[in-house]
Amino acid sequence: MQLIYKRFSVITGFAILLAVLMINTAITRRQIAVQDRNQDWVLHTQQVQLELTTVQSLLKDAETGQRGFLYTGEPRYLAPYNSALTQLDAHIDKLAALIADNPQQAARMPILRSLSKQKLDELAHTVELDSAGKKAEARAMVLSDVGRVYMDKIRALMADMSRDESALEAKRLQDVSNSTHSLIRTLYLATALAIIGLVFLALYIMREMDQREKHAAEIREREEWFRVTLGSIGDAVIATDKDGVVSYVNQIAEELTGIKLAEAKGKQIHQVFPIFNEQTHKPVDNPVAKVLESGLIMGLANHTVLQRRDGELIPIEDSAAPIYDDQNKLRGVVMVFRDVTLEKQAQSVMRKAEKLAAAGRLAATMAHEINNPLEAVGNLIYIVRHTPNLPEEVQGYLAMADQELDRVSHITRQTLGFYRDSSEPGPVEMRTVIESVLKIYDNKIKGKSVLLELELAAECPAVYGLQGEMKQLIANLISNAADAVGHTGRIRISMARVQHAHGNGVELRVEDDGPGISAEHRAHIFEPFFTTKKDVGTGLGLWVSKEIAERHGGNIELSSGKDSSLGGAVFTVFLPCDAQIGTASGAA
């Protein structure tokens with residue numbers, strides 16, 4: 001019975017204390033609302049006073065700027081005048097909005113607007129007269145005191161408005177003081193009641209407070225641990241509730257999705273995490289929905305991309321897992337995903353590197369296999385040419401065959417040289433290289449009746465590098481130009497000594513009158529395996545040329561047809577005279 005009585009006493013006492021505190025809380029809340037309202041009105045009055053002062057100050061600034069201009073004739077003295085013109089209307093509008101609740105003050109606003117306009121018109125008229133050279137008329141207008149009359153009226157009007165606002169401010173400050181005193185009395189009463197209640201319930205409340213504080217500290221520590229842990233994970237993390245509504249997004253996820261936590265929170269997962277198939281660009285089933293349906297861990301299918309807020313598609317990999325509480329109820333889903341763009345790029349580079357290596361091995365093998373029968377054919381031609389009593393016509397044919405055979409042998413040796421990297425760096429005479437390459441493509445150029453224009457400056461210095469690579473660079477450019485031009489087309493090859501930002505060097509330009517390169521292809525023209533020749537090109541020539549130029553400390557650029565009188569593609573190569581090559585490798 002005593003236990004029941006004690007419990008009843010504690011409950012009754014607590015209920016009485018709670019009821020008194022609730023009543024007092026309601027009263028306190030009302031007093032605080034009154035206090036806030038009174039303070040807001042005081043602030044409102046102060047803002048009106050500030051706007052009145054600002055408007056009057058702007059009018060003074062305008063008048064000061066006008067006087068300064070009239071006295072000096074210098075336009076720079078009009079700066080305060082021009083500044084006042086740009087700001088005055090906005091401040092008058094703001095003042096009108098602030099006093100719209102006060103009929104007496106609001107009735108004065110049309111007068112203030114009219115007087116301000118008249119004053120500004122007077123100032124503007126004097127400035128225009130002075131600017132037009134009518135200084136005497138401008139001075140006479142100033143001396144007529146018209147502007148002073150307008151300004152006195154404005155001051156008087158604004159003084160009345162300021163006086164009324166000051167009276168309102170005093171009244172509202174008194175209201176604030178009264179409400180403050182009432183609030184203090186209410187707080188004293190609440191404190192007294194709380195102390196009385198705490199005297200009777202001290203042990204119970206203290207024990208409860210200790211327990212609650214301990215539990216709260218544990219919760220805060222656990223929440224902070226989870227926040228720091230999830231924020232420190234290198235992968236993106238998104239958590240949802242059991243309805244698929246986002247509840248948490250870590251920093252990495254914010255960066256990948258382009259959506260901040262504050263915005264993502266409360267949205268459905270498909271709004272924050274829209275995913276599509278990389279090949280078809282069709283929407284993919286969201287793994288969160290699958291986990292909520294099955295209660296099992298799920299992962300994304302291959303070739304899945306995430307669409308960021310800006311529309312960019314990012315290849316990702318992810319997994320989603322269910323979140324269960326201590327009663328084994330599904331409370332939500334946590335999804336971990338990451339950007340695999342770099343991995344995709346690395347895989348692509350590896351595939352391209354494998355293709356390049358295979359192409360190099362195949363080219364070297366073919367050159368080697370071709371070289372052996374070529375030597376045999378050369379020997380046979382040599383024997384036939386030295387046969388006695390051979391007709392002169394046959395001798396000519398054999399000489400021509402020998403020349404063509406030498407050209408084929410030269411190409412095979414060059415291919416093997418590129419692959420085996422047998423060349424050593426040294427001075428390279430670019431004129432000689434260009435002429436030797438032109439011999440290789442002589443038949444191709446003549447076969448299309450192409451007009452070849454050479455503008456090779458004699459004073460060009462030698463370039464330090466690998467002669468084989470220089471030949472390959474120039475051969476790629478000339479071959480592309482020969483493919484681009486039509487029958488009876490034109491190719492111009494020019495070379496000159498130039499002063500570049502990185503030092504002295506040689507600038508080589510290869511121009512043609514072909515169709516040029518479209519804007520959509522320009523960004524990709526130097527990428528490996530990109531070609532506009534369809535079945536003819538391999539897509540390696542320009543990429544290799546760019547690698548060679550940069551390895552020798554230079555660069556290669558593509559210009560539009562506007563930079564050439566021929567109207568086609570223009571490739572410009574700069575090679576420094578004194579640069580050391582970046583690597584001793586042969587063809588890339």
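A quick note: this is a predicted structure, and the numbers were derived from the prediction, not measured.
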Ser83 (side chain) donor-acceptor with Ala79 (main chain) under 3.5 angstrom: no

Main chain of Gly258, side chain of Asp310: is a donor-acceptor contact present, judged purely on distance under 3.5 Å? no

Classify the ring geometry between Phe571 and Phe526 as parallel (under 30°), tilted (30 to 60°) or perpendicular (over 60°). perpendicular

Quick one: does any side-chain atom of Arg338 pair with a main-chain N or O of Glu317 as donor and acceptor, under 3.5 Å? no

For Leu261, is there any backbone N or O sitting under 3.5 Å from a side-chain donor or acceptor partner on Glu254? yes

Minimum side-chain heavy-atom gap Ser565-Arg492 below 4.5 Å: yes

Could you tell me whether Lys444 and Asp483 make a salt bridge, using a distance below 4.0 angstrom between a side-chain N and a carboxylate O? yes

Side chains of Asn82 and Thr86 in contact at under 4.5 Å (non-hydrogen atoms): no

What closest approach, in Å, do Leu78 and Gly65 show between heavy atoms, and which atom pair accounts for it? CD2-O, 3.8 Å

If we ignore hydrogens and angles and just use 3.5 Å, is the side chain of Lys290 paired with the main-chain N or O of Asp285 as donor and acceptor? no

Main chain of Gly295, side chain of Tyr324: is a donor-acceptor contact present, judged purely on distance under 3.5 Å? yes

Is Val506 close to Pro461 at the side-chain level, that is, under 4.5 Å between some pair of heavy atoms? yes

Nearest 0.5 Å please: distance from the CG atom of Leu477 over to the CG atom of Asp512. 10.5 Å

Euclidean distance, Thr304 OG1 relative to Phe276 CZ, rounded to 0.5 Å: 11.5 Å

Atom CG in Asp235, atom CD1 in Ile252: separation rounded to 0.5 Å? 8.5 Å

Nearest 0.5 Å, what's the CD-CE distance between Glu507 and Met495? 11.5 Å

Is a side-chain N or O of Asn250 found less than 3.5 angstrom from the main chain of Val237, in a donor-acceptor match? yes

Between Lys448 and Ala482, what is the shortest heavy-atom contact and its length? NZ-O, 2.8 Å

Work out which heavy atom in Val291 is nearest to a heavy atom in Val333; give both atom names and the distance. CG1-CG2, 3.7 Å

If you compare all heavy atoms of Tyr464 against all heavy atoms of Pro425, which two are closest, and at what distance to 0.1 Å? OH-CB, 3.6 Å

Residue pair Leu306 / Phe337: nearest heavy atoms and the distance that separates them: CD2-CE1, 4.1 Å

Which heavy atom of Ala484 sits nearest to which heavy atom of Pro515, and what is that distance? O-CD, 3.5 Å

Ser494/Glu511 under side chain to side chain contact (heavy atoms under 4.5 Å, CB included): CA gap, chis, key distance, verdict: CA-CA 9 Å; Ser494 59; Glu511 311 167 44; 4.2 Å; yes

Glu74, CD atom: more than 12 neighbouring heavy atoms under 6.0 Å: yes

Does CG in Leu456 sit with more than 12 non-hydrogen atoms of other residues, nucleotides or ligands closer than 6.0 Å? yes

Hey, what do you get for CG (Asn480) to CD1 (Ile525), rounding to the nearest 0.5 Å? 8.0 Å

Sidechain-backbone polar pair: Asp241 side chain, Gly244 backbone, donor-acceptor under 3.5 Å: yes

Applying side chain to side chain contact (heavy atoms under 4.5 Å, CB included) to Ile478 and Leu438, what does each step give before you reach the verdict? CA-CA 8 Å; Ile478 293 176; Leu438 287 174; 3.8 Å; yes

Side-chain heavy atoms of Arg551 within contact of Leu466, under 4.5 Å: no

Nearest-0.5 Å distance, CD1 of residue Ile556 to CG of residue Leu575: 9.0 Å

Between the side chains of Arg509 and Ser559, does any donor sit under 3.5 Å from an acceptor? no

Strictly distance-based, threshold 3.5 Å: is any side-chain N or O of Asn476 a donor or acceptor partner for the main-chain N or O of Gln472? yes

Backbone of Ala462 reached by a side-chain donor or acceptor of Arg431 within 3.5 Å: no

Side chain to side chain, Ile548 and His552, heavy atoms closer than 4.5 Å: yes

Could you please spell out the steps behind the side chain to side chain contact (heavy atoms under 4.5 Å, CB included) verdict for Leu313 and His281? CA-CA 10 Å; Leu313 297 177; His281 295 285; 3.5 Å; yes

When you look at CD of Gln499, are more than 12 heavy atoms from neighbouring residues, nucleotides or ligands closer to it than 6.0 Å? yes

Which of Lys265, Gln268, Gln271 passes side chain to side chain contact (heavy atoms under 4.5 Å, CB included) with Val245? It is Gln268

Could you tell me if the side chain of Leu508 sits less than 4.5 Å from the side chain of Ile474, heavy atoms only? yes

Contact check, side chains of Met430 and Cys460, non-hydrogen atoms, under 4.5 Å: no

Candidate pair Ile316 and Phe273, rule side chain to side chain contact (heavy atoms under 4.5 Å, CB included), full reasoning: CA-CA 11 Å; Ile316 59 169; Phe273 189 74; 3.5 Å; yes

Side-chain ion pair, Arg490 and Asp513, N-O less than 4.0 Å: no

Residues Glu435 and Lys439 bridged, charged N to O under 4.0 Å: no

